[in-house]
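Comments concern the structure below.
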Amino acid sequence: DDKIVVFAAASLKGPLDDAAAAFKAAKGGDIAISYAGSSALAKQIEGGAPADLFISADLDWMDHVEKAGQVKDGTRSNWLGNTLVLVAPADSALTLKIADGVDLAGAVGDGKLAMADVKAVPAGKYGKASLEKLGAWAAIEPKVAQAENVRAALALVASGEAPLGIVYQTDATAEPKVKVVDTFPEDSHKPIIYPIAQLTGSTAPLAADFLAYLKSPEATVLFEKAGFKILK
Amino acid sequence: MLSFTPEELVAIHLSLKIALVATAASLPFGLLVAWALARRDFWGKTLLNGIVHLPLILPPVVTGYLLLLVMGRKGPVGSILDQWFGIVFAFRWTGAALAAGIMGFPLLVRAIRLSIELVDRRLEQAAVTLGAPPIWVFITVTLPLALPGIIAGIILSFGKALGEFGATITFVSNIPGETQTIPTAIYTYTNVPGGDTAAMRLVVISIVISMAALVLSELLARRVSAKVIGDER
Amino acid sequence: MLSFTPEELVAIHLSLKIALVATAASLPFGLLVAWALARRDFWGKTLLNGIVHLPLILPPVVTGYLLLLVMGRKGPVGSILDQWFGIVFAFRWTGAALAAGIMGFPLLVRAIRLSIELVDRRLEQAAVTLGAPPIWVFITVTLPLALPGIIAGIILSFGKALGEFGATITFVSNIPGETQTIPTAIYTYTNVPGGDTAAMRLVVISIVISMAALVLSELLARRVSAKVIGDER
Amino acid sequence: MSVEISLRHKMGALDIAADFISASGITALFGRSGSGKTTLVNMVAGLTRPDSGVIKIGNRVLFDSARGINLPPHHRRVGYVFQEARLFPHLTVKQNLDYGAFFNKARDQRQFDHIVSLLGIGHLLERRPLHLSGGEKQRIAIGRALLSDPEVLLMDEPLASLDEDRKGEILPYLERLRDEAEMPILYVTHAVPEIARLASSVVLIADGKSIASGTAAEILGRLDLLPFTAQDESGAGALIDATIARHDIDDQLTILASPLGELRIPALGAAIGTHLRVQIKARDVMLSLARPVDISALNIVSCRIADLREDESGMVNIGLDREGATLLARITPKSARDLALKPGKPVYAVIKSVAFDRRMIGTWN
Amino acid sequence: MSVEISLRHKMGALDIAADFISASGITALFGRSGSGKTTLVNMVAGLTRPDSGVIKIGNRVLFDSARGINLPPHHRRVGYVFQEARLFPHLTVKQNLDYGAFFNKARDQRQFDHIVSLLGIGHLLERRPLHLSGGEKQRIAIGRALLSDPEVLLMDEPLASLDEDRKGEILPYLERLRDEAEMPILYVTHAVPEIARLASSVVLIADGKSIASGTAAEILGRLDLLPFTAQDESGAGALIDATIARHDIDDQLTILASPLGELRIPALGAAIGTHLRVQIKARDVMLSLARPVDISALNIVSCRIADLREDESGMVNIGLDREGATLLARITPKSARDLALKPGKPVYAVIKSVAFDRRMIGTWN
Ligand SMILES: Nc1ncnc2c1ncn2[C@@H]1O[C@H](COP(=O)(O)OP(=O)(O)OP(=O)(O)O)[C@@H](O)[C@H]1O
Ligand SMILES: Nc1ncnc2c1ncn2[C@@H]1O[C@H](COP(=O)(O)OP(=O)(O)OP(=O)(O)O)[C@@H](O)[C@H]1O
Ligand code: MOO
Ligand SMILES: [Mg+2]
Ligand SMILES: [Mg+2]
């Protein structure tokens, strides 16, 4: 079977689709990308999914897959990075500087702070860690609305339901109905990393080529344009 | 296994409350719509029928998103409800109940409609000749005879409400103590590496709850059908 | 709006195939289980009833995960099916159909069971005295008279199969051309910044498909009930 | 109160065309299976909408296609005893009986008790209809209709599933209803004895059409209608109005004053002066040229032959006249010839007392 | 083939206790509403399981509680005409009729056509049952049971909703079934004429118990059972076996040879030598001390009084004997006294020819 099957975190869809199309145009072959939550994909790989490449939205689920012996030796690397931002509806007059002891609770008033699930979704986990580091978590915790994923959190802000939300820079870039209030300091949370690896069950001859292509400058442009950082 | 964490207790309590309220609140609308679809011909019937089925057909997340757009505090309906009546769904357990009720609505309506359609019209005719106006006939003849279907609809809708996840979390998020139901709690655990045991605990709990509800409903249904259909066993 | 992208076409085609196969394949089991629940008393009836309802009550993701564990290539049942019969569900469209069928099963069974329960037993008695063995009575009397419920069950189960997302994406992932249905495609679009329009297109498409299915089924149901119940309008 | 019906309706292969006015009392709709009787009654109840026509009860217009009037069934105040009982399976017998009472002024406990005991359903009140016998169901259906306080009663073969004892008990009640309540009753039946006993007027229905209507005496006395009215096992017979003149207690006889002179019949438990209507079956009337003696028959009526008509089975039906009153007799052609019967000839009609079966005698006020 | 029934069953307030053996032919189950007739028939069909007892048809044991035998209904080969028609609403009339035929050897088109034309349902074959009239439904139900090729026929008041014409057409067919097919028929009815005409034997049911059983002639001839058997409007009457001796074409008469001597009855379209059973109603028998002359009655039987019994209504029922043959008469006490009737006294019984209504005459082979 020479179809390359890629299991990728859902937030990669835009640029990854473009990269796949470009690769196909150049090298031929067929690429199917299954986008879903990293946890679901990881469990599927553990359950024998016929995937060639796995791109996780955080290190934990890649570790999980590696521990299950599914990562092809020497193929795993930290590929993309992202930054975490605080967003508000585009028409919001709110301004806030993120710093130690920031009064987020006061800023949302009787509204909610929209985040991705703080236990389950990477964006939520990073956000919580950041707020803890900044000493703001205890005050804001009762006002946090945890969404299924970071896109849903974005939707809560975009629809005006929540006055503030914590999402990735990549999401904020593309949503005109929100504006970035401030960026979280990089050292306030573990680095946001999208690891990539080829899997042991990979059979598609071109899988390694595609992995290599993703790291090529040609592809890199696409991801940078979408707001990702390229990790070396 | 037998002692619950406070978080679990809250989620269980909330889930039950939401499922009960969702089912109870949607029942009158369900009866009305089922009756209209079963017994009336009106302009827009096909449309109504389609709308009722939408939550079944659309991915729950989409339904949740549409709810957010329409019933959210800034949404066209939500803002009116908020300003005029002070009713807010967003981020409240009431919103979770709304989502659950809507997701179960097609199931509720179908079951009731089906059993209304199977009620012997000759009995309704008999009631009318005894002087009962149509609404009274509906309440005293059609509804009691459709009880097996009403019970079935309630079970389906209650079960759906217990298990509903996608629309709920999209519409009202996952706020422990306010909108975190058993399914959203399960979702959280399954997304944490190694969280499977905790998730399984909750799965077992919701199975137990719904089994209890099922057994109860079956007993009820048996009594009802002994009356209505005359179970000869 | 009117020309589909190749990806959309594939997803639509796949969704229809999966929903049709899921419904058709679960129907015989649904009939059997509904009949057993409606008309038989046996040991383990409560258990069977509970199991049938599980997919309704559990969050779809859990059902999908359980499917992955049991029916996956490495699961106890999945591996046997694979080795002995060469049947593989995991990450195939057949798996998506299995997930959809299982998610719709409680709806299918409930509707059929309900209408079987409402079939006039005196007609079945009449059939038996004419020499028909019980299975033949079931086929020639009970089933035709339960047709309105069977149709309702098929609609619910087909609709559910069209809209099913959580169990599908968890069990068989979201592989374009193989397991990517309309709902999972919608899901991926909602994850693309600016993908909402594309998602809405698909939402509209699935609404159109299910409306068509509904209208068709209503026409069918009308003809059936004119025969069975005798619609006097 | 009178019922006025003039309807046209096309239904399947059947063309309904019914026109009749029935004064208060019981109007029997008489016709064979499939002739459209139930359909007609359904139209009066408002359950089937006629293509065109008029239905009036007293001054109340229930339906008038020309004026666009079509009263909904629950405003028509008809009590309908259906051909099949149609009891509410989820209600007890008592609740079934009370169903219609809910919409009338007050529930009348005395009337309730009266009807319940009359119909013999007191022991069933707490039961549900499912396992009741056919006759029990029908009695409850009758009670339910009566207790809904209707202005017209529609009864579709209400006694068909009842045994004779039960019929015998219910018939007097229907008579009382007819006479006291002044409630018009449309009564579907194919039993001539019920007509003879109950019906003020009769409408003959054939193939959806009302082919004849008139008082019961007229219809049952018409030789040309015998093919319809004589179809019952007990056959045709003239209706005679009579009054109880006296009781002969020793002989267990009651003596009636009638246009035929005095008639001796088995003792009746009714007061002197009571009006009765008696059917004298043609088959029970024997003819003799001389007054018979030493015979068990106690009723010997001298009369004159008015009309002779041979029927399809070869028997001779004879219309007898006694000073304007009509009597029918049915004899063999041999007897007719042996006795040289012809119009105008005086004869003696001999009728056994026991031929006056209580079941053929209706009280009539 | 014979049917043997011995059952005990408790059901609600009713204790069923039925014991009877009926030889081939039609066994009438006769009793008032709610006496348990339908319940009994349901047990024979296997739809209700008795508490204990035995049901046998010929040598086939359908039920035997002691031996733990309980044949399922579809193996019992009973054709059941229910009290309510119970047609399959989703099938056409034709499909309803064919339903049972599916399980017999071959469907017999000739028998199908025959039964369809006999029941007058040919024009209904393509219709669905919903809108059929009550009588139409019942006829189809009869046809459906007959066409399922049963070994026993159970008929629960099958003719109650039929008009007299239709009854008259179906009765001869039931007679033929009884005589030719040798198929035992359990026939629930509360109509004495049907018993008189059809029943080989009669089982009287009261309050769930079989209180008397015997041949129809025995049961209908017993003065002590008159409270049950005389309840019909047309009353009691003895059954007489007779044979057609000759036809008198000119006079439209048929002359029967009978234990009562020659009987003249309206012309019958049956061959000389045909066996008949005739019910002579007690009410139709007049008694005279002298042989009457110049009277229209053609049948005058000289006999002797066997027994006199006054009944509850005060009338006198008289058992008459003519060389061993029994006749019943019913007269007023006054006549009895006037004529000084007492056992042993010779009298003339006078019976009109037309009293022999065709509907009371059964052919019998
Ligand atoms: N909706 C309908 N469509 C077509 N034909 C019908 C419809 N309803 C009744 N009929 C037919 O019209 C005729 C009259 O039916 P109806 O029930 O009025 O008869 P009926 O006089 O009450 O007979 P019965 O004495 O047997 O009850 C029947 O032949 C019946 O099959
Ligand atoms: N399952 C039951 N439980 C309790 N009582 C019952 C049950 N079935 C029948 N009965 C009662 O038993 C009695 C006999 O009923 P059944 O139907 O056998 O009467 P029937 O002789 O056929 O009367 P009909 O001539 O009115 O049809 C009735 O009083 C009925 O109410
Ligand atoms: O009066 Mo007769 O008996 O018809 O000849
Ligand atoms: Mg009718
Ligand atoms: Mg009965």
Side-chain angles (χ1 to χ4, degrees), chain B residues 27 31 34-36 38-42 111-112 114-154 217-233, chain D residues 38 41-49 62 71-92 95-105 107 127-132 137 140-156 186:
Chain B
L27 187 56
L31 289 173
W35 167 77
R39 286 291 162 86
R40 294 276 128 177
D41 268 323
F42 52 92
I112 299 177
L114 179 58
S115 60
I116 289 181
E117 278 172 345
L118 295 179
V119 166
D120 189 343
R121 295 216 184 166
R122 292 174 307 171
L123 295 176
E124 295 174 351
Q125 291 184 338
V128 184
T129 64
L130 292 167
I135 176 72
W136 186 248
V137 174
F138 181 66
I139 295 171
T140 59
V141 177
T142 317
L143 276 195
L145 291 175
L147 253 191
I150 297 174
I151 292 175
I154 289 176
S217 72
E218 292 293 335
L219 288 179
L220 191 66
R222 214 170 257 245
R223 287 192 48 180
V224 163
S225 74
K227 276 192 194 175
V228 177
I229 333 179
D231 202 324
E232 310 207 26
R233 276 168 304 184
Chain D
T38 299
V41 172
N42 277 341
M43 291 190 214
V44 176
L47 302 178
T48 299
R49 192 199 163 105
L62 302 188
L71 227 55
H74 63 287
H75 287 149
R76 294 199 173 193
R77 306 205 56 194
V78 297
Y80 192 164
V81 180
F82 294 88
Q83 200 163 1
E84 352 78 66
R86 300 201 193 184
L87 300 181
F88 304 125
H90 58 300
L91 301 181
T92 61
Q95 289 166 332
N96 266 281
L97 292 171
D98 277 341
Y99 192 89
F102 190 89
F103 293 94
N104 322 329
K105 21 200 179 198
R107 179 170 174 282
R127 300 236 338 241
R128 272 171 213 287
L130 182 73
H131 293 295
L132 296 179
K137 281 183 195 151
I140 293 157
I142 293 174
R144 185 177 66 172
L146 290 177
L147 288 167
S148 75
D149 193 28
E151 286 194 352
V152 205
L153 205 54
L154 309 176
M155 309 188 90
D156 196 354
L186 285 187

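Here is the naming used below: chain letters follow the sequence lines, and residue numbers restart at 1 for every chain.
- Residues P73(D) and V128(B) approach most closely at CB-CG1, 3.1 Å, considering heavy atoms.
- Heavy-atom distances place the backbone of L87(D), and not its side chain, under 4.5 Å from chain B.
- There is no contact between R76(D) and chain B, counting heavy-atom distances below 4.5 Å.
- Rounded to the nearest 0.5 angstrom, Q125(B) CD and Y80(D) OH are separated by 8.5 Å.
- Side-chain contact check for T140(B) versus F88(D): every heavy-atom pair is 4.5 Å or farther apart.
- Between E84(D) and R122(B), the shortest heavy-atom distance links the atoms OE1-NH1, 3.5 Å.
- Scanning both residues, V141(B) and Y99(D), for their nearest heavy atoms gives CG2-OH, 3.5 Å.
- The two residues L130(B) and A145(D) have their closest heavy-atom pair at CD2-CA, 4.2 Å.
- Looking only at side-chain heavy atoms (C-beta outward), P89(D) and L123(B) come within less than 4.5 Å of each other.
- Nearest heavy-atom pair, P134(B) versus H74(D), reported as atom, atom and distance to 0.1 Å: CD-CE1, 3.3 Å.
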